[in-house]
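Below is one structure, written out as C-alpha cells; the observations come after it.
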Amino acid sequence: MPRPSPSSPPSVDPVRLTPRRVREIGSRLLEWYDREKRDLPWRRTSDPYAILVSEFMLQQTQVATAIPYYTRFLKEFPTVQALASAPEQEVLRLWAGLGYYSRARNLRATANRIVEAHGGKVPDSVAELLFLPGVGSYMAGAVASIAHGIVAAAVDGNVIRVLSRLFRLKKDPSGPRVRRELEDLDMALVPRDRPGDFNQAMMELGARVCAPAAPDCPACPLRTVCEAAREGNPTDYPFKPRRAETVEVEESCAMVRRGERYLVTQRPGQTGRYRSMWEFPHIEVAKGGKTARRAKQTLGTYLADQFGIEVRVEEEWAEIRHQVTHHKIRKRVFRCSVGEGEGRAENDEPKVEETPVRWLTLEEIAALPLAAPQKRILELLKDAESFFGG
DNA sequence: AAGGCGGGGAC
DNA sequence: GTCCCAGCCTT
C-alpha cells in the first residue's frame, strides 16, 4: 500500500471515534462547563416554554443582544397561553429592533400550535418539535435536550466550528449533507446522562474559547483531544464558502409633519422585509447620476402615487446608515411640507387600500412595531422636538 | 442549492 | 472595514 504522495489532493481525515475519545471529550467539556458557565436568564429556569423563547431569540443573535429582549418578552408573555392569545402586532412590538421578524411570527404561531395540539405542553420529541413553525433541526435538538433531557444533537454555528476543528473536517458545512454528517457525529458525542448541558457547553465553548478568529487554545478543555490544535492551525477550520458581495442601496424617507402629527404607514405584503411593521414612508432610489436630486423626485412621486398625498419635498434633514446582511443602506430623510388643505384631512383614505396611512404623534408612533432604522429616526425627531421646545 | 431575512458585537 | 452570530424558510 503506497503512502499518498505530498502532491496528492487533500482528503478528509477519517474521524476516529473511539469510546475512550468520546468519553474524554464529554467529561472534559462538562467539567469545564460546570466551572465556567455564564449565568444566563434562560439557565435559571426549567420551564420549556421559556427555553423555547430563548432559542427563537438566539437564532443568528448573540447572547448579549438577546438578553434584554428575552426578559421583556417573558414578562409580557409569561406563559405559552399568554403568547398564543396575543395580537401579532403586540408580539412584533416586543421583538422590534431584534431583527428577523419572521421569528416573532413563527414563535407566536408555534405557541398557538402548542396550545391547540399539544395541550399547552412543549413537545419533547425531536420529530414533534420539527413540525412547529420556525423550528428547524438545530432548535428541535436544542429544545428536546435542554428543556426535556432528551439525547439529541444540536448543531449550530458554534458546534460546526468546534467539531470541524476537533476532527479537522475540511468539507463545506453549509450544505444539508455535510450538516447531517455533523449531526451524526455530534449525536455520537452527546453523553447520555447530560445531553442539554453538553449541547450548551459546546456552544459556550464555541462562543468564548473556540472563537472564529482568535481561539484561546491554551484555555480550552479539549486542547489535548483537538486535532486542529495539535496541527497548530485551528483557524483553517471550518471551511468557509464565499460570501455574497456587499450591495449599496439608496433610500429616501419622508418626514411629513402636520402639527404634532407625522405620517406613518404600515408595510404591506405577505412576504418580504418588515411586513406589517410601521415606518416613515420610504422607498428605494435607483442609483447612478444625480442621486441626490433623484432621491427627492422619487419620494414625491411615491407619496402621491401610493397615498394620494401631494407634498413638497424640502431639505434633507437627516441621514441614516445601516447594514442588513449584504446590503449597505443609506437612507436620506427629507422634510416634506403639506400645503393648507392639501394632503388629506382627518379621514385618510389611501388610494391603495392595503397600505394603511396614519397621522400620529411621536408618542403614538413609539408604541408601534418599528424596525431599528425607524426607531433611530424616531429618536432623532424626539431630540429635535425637545430642542425646539415641541 | 441558493437566496432572503436585520441587527449588532467583536476585532 | 471584516466576519459571524444558540437558523429557518422559500424557491
Fill in the blank from the handout: To the nearest angstrom, the CG-P distance between A:L98 and C:dA6 comes to 13 Å
Exercise for the section: Would you mind classifying the nucleic acid contact of A:G175 as base, sugar-phosphate or nothing, using non-hydrogen atoms under 4.0 angstrom? Expected result: nothing
Problem - Span that lies between the C1' atom of C:dC4 and that of B:dC5, in whole angstrom - result: 15 Å
Problem - Neighbours of DNA chain B within residues 53-74 of chain A, by heavy-atom distance under 4.0 Å - result: A:Q60, A:T61, A:Q62, A:T65
Exercise for the section: Using heavy atoms and a sub-4.0 Å distance, could you list which residues of residues 29-39 of chain A are near DNA chain C? By number, please. Expected result: none
Problem - Distance-only donor-acceptor check, side chains A:E231 and A:Y237, under 3.5 Å - result: yes
Exercise for the section: Name the nucleic acid region contacted by A:R43, choosing base, sugar-phosphate or nothing; use a 4.0 angstrom heavy-atom cut-off, strictly under. Expected result: base
Return the polar atom pairs (N/O with N/O) between nucleotides 9-11 of chain C and the protein under 3.5 Å, or none.
from  : atom 1 : to     : atom 2 : distance (Å)
C:dC9 : OP1    : A:G134 : N      : 2.8

Exercise for the section: Compute the ring centroids of A:Y69 and A:W95, then answer whether they are less than 6.0 Å apart. Expected result: no
Exercise for the section: Considering only atom P, compute the distance from B:dG6 to C:dT11 and round it to an integer number of Å. Expected result: 15 Å
Exercise for the section: Apply the test salt bridge (charged side-chain N to carboxylate O under 4.0 Å, His left out) to residues A:D34 and A:R194: give CA-CA distance (whole Å), side-chain angles for both, the deciding distance (0.1 Å), then the verdict. Expected result: CA-CA 12 Å; A:D34 290 338; A:R194 297 181 63 187; 2.8 Å; yes
Handout entry: Derivation of the salt bridge (charged side-chain N to carboxylate O under 4.0 Å, His left out) call for A:E248 and A:R330
Key = CA-CA 8 Å; A:E248 300 200 357; A:R330 176 164 76 169; over 6 Å; no
Fill in the blank from the handout: Taken to the nearest whole Å, CG/A:L107 to P/C:dC8 is 13 Å
Exercise for the section: Kindly give the heavy-atom pair with the smallest separation between A:E204 and A:K37, and that separation in Å. Expected result: OE2-CA, 3.6 Å
Completion exercise
Rounded to whole Å, the OH-C1' distance (A:Y100 to C:dC4) equals 10 Å
Practice task
Look at all strands and tell whether A:G206 reaches a base, only sugar-phosphate, or nothing, counting heavy atoms closer than 4.0 Å.
Solution key: nothing
Problem - Residue pair A:T61 / A:R103, side-chain donor-acceptor N/O under 3.5 Å - result: yes
Practice task
Using heavy atoms to find the nearest nucleotide of DNA chain B for A:Y274 and A:A213 separately, return the residue whose nucleotide is more 5′.
Solution key: A:Y274
Handout entry: Touch class at under 4.0 angstrom, heavy-atom based, for A:W95 against every strand present
Key = nothing
What does the list of N/O pairs under 3.5 Å between the protein and nucleotides 1-3 of chain C look like, with a distance for each?
from  : atom 1 : to     : atom 2 : distance (Å)
C:dG1 : OP1    : A:K328 : NZ     : 2.6

Practice task
Taking only Lys NZ, Arg NE, NH1 and NH2, and the carboxylate oxygens of Asp or Glu, determine whether A:E379 and A:R376 approach each other closer than 4.0 Å.
Solution key: no
Practice task
Run the ring-centre check on A:Y302 versus A:F307 and record whether the distance is less than 6.0 Å.
Solution key: yes
Problem - Any donor-acceptor N or O pair under 3.5 Å, side chains A:E260, A:T361 - result: no
Completion exercise
So the contacted stretch of DNA chain B, first to last nucleotide with an atom under 4.0 Å from a non-hydrogen atom of chain A, runs from B:dA1 to B:dG9
Practice task
For residues A:A50 and A:T45, report the shortest heavy-atom separation together with the two atoms involved.
Solution key: CB-CG2, 3.9 Å
Practice task
Quick one: closest heavy-atom pair of A:L263 and A:W359, and the distance?
Solution key: N-CE3, 3.6 Å
Problem - Distance between P atoms of B:dC11 and C:dA6 (Å, rounded) - result: 13 Å
Handout entry: ring-ring contact (aromatic ring centres under 6.0 Å, His included) partners for A:F77, two or more places apart
Key = A:F73
Practice task
Can you sort out the partners of A:Y274 under ring-ring contact (aromatic ring centres under 6.0 Å, His included), two or more places apart, ordered by chain and number?
Solution key: none
Handout entry: Whichever hydrophobic residues join A:Y100 through chains of side-chain contacts under 4.5 Å
Key = none
Handout entry: Shortest non-hydrogen contact from A:I320 toward A:P373
Key = CG2-CB, 4.5 Å
Problem - Closest non-hydrogen atom pair, A:A96 against A:Y101 - result: CA-CE2, 3.7 Å
Handout entry: Residues that, via side-chain heavy atoms closer than 4.5 angstrom, fall in one hydrophobic cluster with A:L130
Key = A:V126
Handout entry: Qualifying residues under side-chain contact (heavy atoms from CB on, under 4.5 Å), relative to A:Q323, sequence neighbours excluded
Key = A:T246, A:K328
Practice task
For DNA chain C, find the residues of residues 149-161 of chain A with a heavy-atom distance under 4.0 Å and give them by number; none if there aren't any.
Solution key: A:D156, A:G157, A:N158, A:R161
Fill in the blank from the handout: Residue set satisfying salt bridge (Lys or Arg N to Asp or Glu O under 4.0 Å) with A:R28, at least two apart, ordered chain then number -> A:E24
